[in-house]
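Heads up, the thing below is written out as structure tokens.
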Amino acid sequence: MKHILHLLAVILLVSAVSIIAKAEYINYCGYSYQLSGDTAIYWGRLFGMPDYTPPYTIEIYDTVRKGDFGKPYIVTAIGARKEGFTDWDNKIIIPNTVKYIGEGSFQCTYKGAWYPATLDVRVDNNIMIVGDKAFSCRCIMDSLYLPKVLSIGKSAFERCTELPYISLGNALHTVKERAFAGCDSLRSIELGDAIGTIGDRAFRGCENLRRVTIKGSPVIMGDSIFVGCGKLESISFGNAPDTLGVSAFEGCGSLRYLEIGDPAKWSRTVFGNENANPITNTNRFTVNGSVVQHLDICTEGKGVSEWAFTGAGDLLSVRVTGGGVIEADAFNACTAIRRLCLDVDRIDRWAFSGDYAIQEIYSMTATPPDAAVESFAWYGGITLYVPVGSGDAYRSHPVWCRFSKIEETDFAGIDALFKADYEVSSIDYIPTDYMGDVGDEEAPVRIYTLDGRLAGDNADALRPGIYILRQGRKARKITVR
């Protein structure tokens with residue numbers, strides 16, 4: 001679905017370019033429009049006709065004609081500009097017919113002018129593509145709603161320092177580099193189910209950003225995305241991204257809440273470096289709102305990636321099954337882990353470095369996994385449990401032999417010993433502590449089961465159990481007794 005949306009965005013862009021190639025221009029009420037087929041592109045004000053005195057108001061019409069009784073043309077696009085011709089415009093009226101906003105269409109480039117701008121755009125507008133630098137440095141004072149947008153270009157809203165809130169619909173696939181960098185007034189951002197790519201430094205320097213919700217599962221999150229977001233407190237992933245770029249969360253010292261969705265998928269996320277992982281800031285993570293202390297993941301042969309759980313100080317027990325490699329620093333500085341259960345092929349250096357609280361390790365494979373001396377922080381005082389008949393193999397291994405006590409076992413009761421204290425759900429959980437001003441008190445109440453099925457709208461009619469109650473963009477767990 002994400003690839004289809006991305007392809008649609010490309011088709012729209014190519015269509016706009018093809019229109020430009022074979023069009024004619026007209027003057028309509030002092031503005032230049034380009035005509036082709038049944039549509040028109042707005043190109044801007046014709047200076048000198050009429051004689052404006054700044055600040056200006058730009059009114060883009062939804063329909064234009066050649067002559068008083070000519071054929072109507074629907075305005076579907078706003079043409080690209082690279083010259084900053086709109087520095088003094090303080091009101092921009094965009095009709096519902098517009099689907100494409102071109103590069104630099106309303107960017108402010110003249111350093112001597114700084115007029116507050118009102119964007120007059122209907123909440124249910126049809127804008128699908130916002131081009132590079134479309135509103136860069138523009139002093140937008142109003143909340144902006146883009147329910148159908150597919151792609152937001154490079155620096156599209158960069159340094160829109162007064163933009164207080166922007167709502168992005170579930171169709172959004174791509175947020176390009178620096179798209180919202182320096183938007184100092186943004187306090188929250190929500191990206192929907194279709195999000196696929198978030199470019200480098202997309203939200204860098206958003207000084208007052210406090211909450212980020214990513215409902216989908218991005219393929220790529222670039223470098224330094226949230227660098228300089230010193231007040232960021234909460235980030236919630238509906239599911240883990242495939243990659244998180246270098247220093248994505250560097251300097252996010254206020255970050256204290258992290259929802260990761262599915263820990264097994266998170267364990268396979270590729271992190272650019274240690275500061276790419278928000279766990280190094282929060283030192284804990286949650287699944288469906290509950291802090292995870294007992295982690296149980298199956299890697300399906302893909303192992304656990306470097307830095308995946310570095311610094312998760314609340315973890316008490318960890319079970320990793322399914323084979324593969326536990327990479328370097330995967331569980332580094334998880335200082336509270338007491339018990340490990342491992343069914344893997346290899347454990348890289350420093351995988352459990354700094355984990356001095358470990359007391360028991362259960363290695364499930366008859367053949368000792370490859371390991372380095374530095375894979376574990378220490379070996380004294382730890383009991384290593386191994387399969388019946390494999391004790392000699394472990395005692396003769398150059399690394400595993402270092403454990404002070406090796407015992408054979410049939411692993412009876414191992415599932416109960418390493419039972420996870422969470423359930424993975426398709427419902428994205430948002431803690432009530434972080435609701436702020438994004439809730440909709442007038443929205444209808446919907447109640448869901450933990451596996452994502454709609455259960456109804458009246459808690460009194462439900463069977464006993466745990467549910468997710470959602471109202472607008474607010475969600476919380478409830479217990480029915």
Side-chain angles (χ1 to χ4, degrees), residues 217 219-221 237 239-246 248 260-280 285 292 294-312 315 317-335 337-358 360-379 382 384-387 390 393-394 396-403 406 411 414 418 420 424:
S217 179
V219 176
I220 298 173
M221 293 182 66
F237 290 91
N239 215 332
D242 288 358
T243 64
L244 259 169
V246 173
I260 68 170
D262 183 354
K265 190 172 189 307
W266 183 270
S267 74
R268 298 189 287 274
T269 296
V270 177
F271 299 93
N273 63 359
E274 185 175 349
N275 289 326
N277 191 339
I279 293 178
T280 61
F285 59 92
V292 174
H294 302 283
L295 180 66
D296 185 5
I297 55 176
C298 179
T299 68
E300 299 178 350
K302 299 177 182 178
V304 180
S305 64
E306 189 173 15
W307 299 299
F309 297 98
T310 291
L315 287 179
S317 71
V318 172
R319 176 162 67 169
V320 181
T321 59
V325 178
I326 299 179
E327 297 182 10
D329 295 295
F331 292 93
N332 182 20
C334 297
T335 54
I337 293 178
R338 303 287 192 274
R339 188 179 292 127
L340 292 177
C341 180
L342 305 174
D343 180 4
V344 296
D345 301 316
R346 191 178 83 231
I347 304 169
D348 281 350
R349 299 172 69 185
W350 306 300
F352 295 94
S353 177
D355 301 351
Y356 289 99
I358 296 175
E360 298 176 349
I361 298 177
Y362 296 77
S363 183
M364 306 292 289
T365 58
T367 301
D370 291 339
V373 173
E374 300 88 351
S375 297
F376 299 95
W378 72 314
Y379 295 85
I382 298 176
L384 173 63
Y385 295 95
V386 301
S390 63
Y394 278 86
S396 62
H397 190 279
V399 174
W400 295 100
C401 71
R402 295 170 178 265
F403 287 101
I406 299 177
F411 299 111
I414 196 74
F418 286 93
V424 176

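Positions are given from 1 along the sequence. Values below: all heavy atoms of this structure, side chains included; hydrogens, waters and symmetry mates excluded.
Cys334 SG to Ile358 CD1: the interatomic distance, rounded to the nearest 0.5 Å, is 9.0 Å. Residue Leu340 holds its CG atom at 10.0 Å from CG of Leu315, rounded to the nearest 0.5 Å. Between the CE atom in Met221 and the CG atom in Leu244 there is a gap of 5.0 Å [rounded to 0.5 Å]. How far CG of Asp296 is from OG of Ser317: 8.0 Å, rounded to the nearest 0.5 Å. Interatomic distance, CZ of Arg349 versus CZ of Phe376, reported as 14.5 Å (0.5 Å rounding). With rounding to the nearest 0.5 Å, the separation of CG in Asp345 from OG1 in Thr367 is 10.0 Å.
No side-chain heavy atom of Val320 sits less than 4.5 Å from a side-chain heavy atom of Cys341. You'll find the side chain of Phe411 reaches within 4.5 Å of the side chain of Met364, heavy atoms only. The shortest side-chain heavy-atom distance between Ile347 and Asp370 does not fall under the 4.5 Å cut-off. Side-chain atoms of Tyr362 and Arg319, non-hydrogen and from C-beta on, never get closer than 4.5 Å to each other. The shortest distance between side-chain heavy atoms of Val304 and Thr299 falls below 4.5 Å. Between Phe418 and Leu295, the closest side-chain pair of non-hydrogen atoms is not below 4.5 Å. Considering only heavy atoms from C-beta on, Glu360 comes within 4.5 Å of Tyr385 through its side chain. Using a 4.5 Å cut-off on side-chain heavy atoms (C-beta onward), Pro241 and Thr269 make contact.
Distance alone, capped at 3.5 Å, is enough to place a donor-acceptor pair between the Asn273 side chain and the Ala276 backbone. Distance alone, capped at 3.5 Å, is enough to place a donor-acceptor pair between the Ser217 side chain and the Ala240 backbone. At least one donor-acceptor pair under 3.5 Å links the side chain of Thr310 to the backbone N or O of Asp329. One N or O on the side chain of Asp355 and one on the backbone of Ala333 form a donor-acceptor pair closer than 3.5 Å.
Across His397 and Pro369, no two heavy atoms sit closer than the pair NE2-O, 3.9 Å. Nearest approach of Cys298 to Gly322, heavy atoms of both residues: SG-CA, 4.0 Å. The nearest pair of heavy atoms linking Asn332 to Gly354 is OD1-N, 4.0 Å. For Ser390 against Ala366, the heavy-atom pair with the smallest separation is CB-O, 3.4 Å. Between Ser267 and Ala264 the shortest heavy-atom distance is OG-O, 2.6 Å.
Between Lys265 and Asp242 a salt bridge is recorded (basic side-chain N to carboxylate O distance below 4.0 Å).
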Practice problem: Before giving the answer on side-chain contact (heavy atoms from CB on, under 4.5 Å), spell out for Tyr394 and Thr365 the whole-Å C-alpha distance, their side-chain angles and the decisive distance to 0.1 Å. | Solution: CA-CA 10 Å; Tyr394 278 86; Thr365 58; 3.4 Å; yes
Exercise. Mind running side-chain contact (heavy atoms from CB on, under 4.5 Å) on Phe271 and Ser305 for me, showing each step along the way?
Key: CA-CA 8 Å; Phe271 299 93; Ser305 64; 3.9 Å; yes
Self-check item: Stepwise side-chain contact (heavy atoms from CB on, under 4.5 Å) check, Arg346 with Val344
Solution: CA-CA 6 Å; Arg346 191 178 83 231; Val344 296; over 6 Å; no
Self-check item: Intermediate values then yes/no, side-chain contact (heavy atoms from CB on, under 4.5 Å), Glu300 and Arg268
Solution: CA-CA 10 Å; Glu300 299 178 350; Arg268 298 189 287 274; 4.3 Å; yes
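For the pairing with Trp266, the side-chain contact (heavy atoms from CB on, under 4.5 Å) check across Ile279, Ile297, Asn239 returns one residue only, Ile279.
If you check the side chains of Thr335 and Tyr356, you find no donor sitting under 3.5 Å from an acceptor.
Using cut-offs of 30° and 60° on the angle between ring planes, the pair Phe309 and Phe285 is tilted.
For Trp400 and Tyr379, the distance between ring centers is not under 6.0 angstrom.
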